[in-house]
Each structure stands twice: as C-alpha cells, then as structure tokens.
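Below is one structure, written out as structure tokens, with a few remarks after it.
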Number of protein chains: 2
Amino acid sequence: MSEAKTSANPLFLREEELRQGIELLFFAYRDFTSEADAMLAKHKFGRAHHRVIYFVGRHPRISVSDLLDILAITKQSLSRVLSQLVTDGFIIQHRGPRDGRQRLLELTEKGVEMERQLTEAQRRRFARAYREAGAEAVEGFRKVMLGIVDDPARERFAQSRRDGGRDGGRERDQ
Amino acid sequence: MSEAKTSANPLFLREEELRQGIELLFFAYRDFTSEADAMLAKHKFGRAHHRVIYFVGRHPRISVSDLLDILAITKQSLSRVLSQLVTDGFIIQHRGPRDGRQRLLELTEKGVEMERQLTEAQRRRFARAYREAGAEAVEGFRKVMLGIVDDPARERFAQSRRDGGRDGGRERDQ
DNA sequence: CTTTTGGGTCAGCCTTGTTGACATAGTTAG
DNA sequence: CTAACTATGTCAACAAGGCTGACCCAAAAG
C-alpha cells in the first residue's frame, strides 16, 4: 500500500466510489420519476398522487394508517391527494368490516388503469436496465439497495423473495 | 386472484422483480436524503442547498450554466439558493478569466467543511451498504443504476472509471 | 363510562420547483 | 464599430407537497 498518487491510492478510490454511488442515486431517481411526472401533469396530478395510487394498487384494501406508515408523511399531506383521488373516482373507500373506524382503500377500475399507465414507463426503464445488466448484476443491485434503505423499509423486502410479497407479513390487521 | 400462486409463473416473477426495483429506488432515495435533511434544517437550509454545495465541491470553479446543466433546474430556482449560499459565505464567485461574463463557483473553507459534514452521513450509508454487499454486488449495482439514468447523466460516469472523474470530459470551457 | 384510536378537516407556513418578462455586462460576428 | 448573441441576475406570480397545530367525530377498548 505504499504507492499513492498514480490513481492507485485506495483511499481516493474508495472516496470516488462512494461519491459515484451518491450521484447515481441522485440522477437515477430524478430521471426515473420524470416520465410519470409528465403524464401526471396532464391529469393535473402530481408525484404524490402516483405514490398513493401505486401503493394502494400494491396493497388492496390497505388502511389509511398503514398507507401512512409506508409513505412516511403526515395524514394532512396524504389527505390532500387522497381526497382528490377519491373524488375523481380512482380510489374507493370501504368501511372496515372488523374495525368500523377504518377506511380501507382500493383502486377502482379507472384507478387500476391509471396505475398501469403511470407505472409502465418505470417498469420499462427497469426492464431495460435489468436486461442490459444481467441477472447477476440485478442481484448485486438488490443487495446494495437493501443496504441503503432503513430497517422499517427493509422489512418489506426481507421475506418477499419468491412469494410475490403481496402482503408478506405486514398489514397491522386490527 | 385466480392462482399461479406457486411461484412458477415467469411473467409474474418478472413483474414482481420490476416492482421491487421501483420500490427499492423509492425507499432508498427517501432514506438516503433524510439524515442530511435533518442537518440542513438546523442551518435553515434545504435539500437544494445541499445539491449546490455538493456539485460545486465536486467541480471547483464550475460555471453557473454548467451547474444548471447538472441540476436540470431553472436559473431562477438555482439563483434563490445560490445567492443565499454566497451571502452566508459558503460559496465564492470568481469572474471568469477567459470569459468575463462567467461567475465561476467555488466552496469557501466554511463551504468545504459544510459539504463534508452534510455528505458524510451519505458516504457512510454507501460505505456500509457496499461493504456488506461485496465488490461484485457493487459492480452490479453500478451497472443497473447506469441503465436507469438518462443519457446526459450517463455520460458523467462513462469514462470516469479510474481517473477520478474530477472533470473528465465536461466543462464547456468557452 | 371514559379513554384511546382511526380518520378527517381547517388554517397557515416553508421549500423548491415552474413560467414569463426584463436588465446588464461581456463576447463575437459582420 | 455596431449588432447580435450569451452568461447571469432579478422581479413577480404560481403550484406541489411537505410541515405544524388545533380541533372534530365515531368506533373500539378498558
């Protein structure tokens, strides 16, 4: 470890590697959201609407508080977009059968279609990246990304390797 | 909800794999920014200030328009945070020697220290994730992420494999 | 019956993006 | 030299999507 200067400095390489990771995450997230943002604008919706539609689609009949846990925003912030989505007929609310206080959320047909369209560009982007990178790289991507998310979010992915993770373990359920 | 449950459906697996990628990116980005956001709040700054400090630190004496190209925001949005950073003594502007219209940006000592503190939590997060995932996984992570970013951003990483990418190729430079 | 919980709502604030119009200094082309 | 273009800055107004704080109701839990 004595040869520095000539690009063989391990500390510098490490620092550079970390900064590249940081920047990759920044640019990837920004580009990743741009296409859906453009579609949303046509419907006078924003990114927050997409998130709600996405996770309600992913967890049919999810309760409001479970959705809040996933999104990690305040109920006032959620309320703003959720009520628009309900009013515009993309989401319906059912009174909880076991707990009558709950408003379980579900996409309408219109909502399902909207979700499909919005997420399609993102799925295509990932499909292309996965295909070009190869199966082994995808596994590495997953490992690194899992190391970056905080524990609460990591649990979402923990046991959901091949069971589809539809509801794997979560759902407070009264 | 018919069946196909038994994990043998390749189309379902693919769909699931793509959605996991989408979600990993969402949660990773959110958690990744949270620590720096908290520090920024103490200085009455926001995430936009961090971005400016970060990229000015990364590209000393960068011009305003080059910085705008990286951030992909309007000059009015940049101006708001940049002028605060200059006023507060985190960034200094030099008149361009070759082109007197340019205001080349550079971190002050105070700015360098601030950048270090802000980015440290993010570097640690990546360092931990990289270490736990292993070198091979890191390579896979890079491949997939590069596949997700759009072309303009991809060029940043293209030739900067082992030269540190300090200024590799960019810098419009009159 | 009282307390806690799930959910909703009003009101106001902040950051950070946007568009559009305009100003000014410096560079470059004719 | 003049005209045109370029780099940067600035004012004004707007929107999205976070936040806090206060308060409400209805249902569940004790």
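Predicted model only: the values in this text are computed from it and were never measured. In what follows, every chain begins at residue 1, and chains take the letters A, B, ... in the order their sequences are listed.
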According to a strict under-4.0 Å criterion, is [X] in side-chain N/O contact with OP1 or OP2 of [N]?
| X | N | answer |
| --- | --- | --- |
| B/Ser77 | C/dT18 | yes |
| A/Ser65 | C/dG6 | no |
| A/Arg51 | D/dG18 | yes |
| A/Gln93 | C/dG7 | no |
| B/Ser79 | D/dT10 | yes |
| B/His49 | C/dT16 | yes |

I need the [atom1]-[atom2] distance between [X] and [N], as an integer number of Å.
| X | N | atom1 | atom2 | answer |
| --- | --- | --- | --- | --- |
| B/Ile62 | D/dA7 | CD1 | C1' | 14 Å |
| B/Lys75 | D/dT6 | NZ | C1' | 10 Å |
| A/Phe45 | D/dA15 | CZ | C1' | 15 Å |
| A/Lys44 | D/dA15 | NZ | P | 9 Å |
| A/Leu71 | D/dA16 | CG | P | 18 Å |
| A/Arg98 | D/dA27 | CZ | C1' | 16 Å |
| A/Arg103 | D/dA26 | CZ | C1' | 8 Å |
| A/Ile73 | C/dT15 | CD1 | P | 19 Å |

Practice task
Please examine the side chains of A/Val64 and A/Ser79, heavy atoms only from C-beta on, and report whether any two atoms are closer than 4.5 Å.
Solution key: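 A/Ser79 vs A/Val64: side chains apart.
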Practice task
Compare all side-chain heavy atoms of A/Lys44 with those of A/Gln84 and state whether any distance is below 4.5 angstrom.
Solution key: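 Side-chain contact under 4.5 Å: no.
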Problem - 5'-most by nearest nucleotide on DNA chain D - A/Gly100 or A/Ala48 - result: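 Of the two residues, A/Ala48 wins.
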Handout entry: Whichever of A/Gln76 and B/Val64 has its nearest DNA chain D nucleotide further upstream toward 5'
Key =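 Taking each residue's closest nucleotide, the earlier one in sequence belongs to B/Val64.
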Problem - Verdict with reasoning, B/Phe55 to A/Phe26, per ring pair (Phe, Tyr, Trp, His ring centres under 6.0 Å) - result: CA-CA 12 Å; B/Phe55 284 110; A/Phe26 169 65; 5.7 Å; yes
Practice task
Go through the N and O atoms of the side chain of B/Arg101 and the base of D/dT6, and report whether any donor-acceptor pair is under 3.5 Å.
Solution key: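 Result: at least one qualifying N/O pair found.
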Problem - Heavy-atom closest pair, residues B/Leu85 and B/Val52 - result: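 So the two residues come closest at CD1-CG1, 3.7 Å.
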Practice task
Could you tell me whether B/Arg47 contacts a base, only the sugar-phosphate backbone, or nothing, with contacts defined as non-hydrogen atoms closer than 4.0 Å?
Solution key: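 Sugar-phosphate contact only.
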Listing, residues 86-96 of chain B side-chain donor-acceptor contacts under 3.5 Å, not counting sequence neighbours, or none:
{"residue": "B/Thr87", "atom": "OG1", "partner": "B/Ser83", "partner atom": "O", "Å": "2.7"}
{"residue": "B/His94", "atom": "NE2", "partner": "B/Glu106", "partner atom": "OE1", "Å": "2.5"}

Problem - A/Arg80 or A/Leu104, whichever maps to the more 5' nucleotide of DNA chain C - result: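 Looking at DNA chain C, the more 5' nearest nucleotide goes with A/Leu104.
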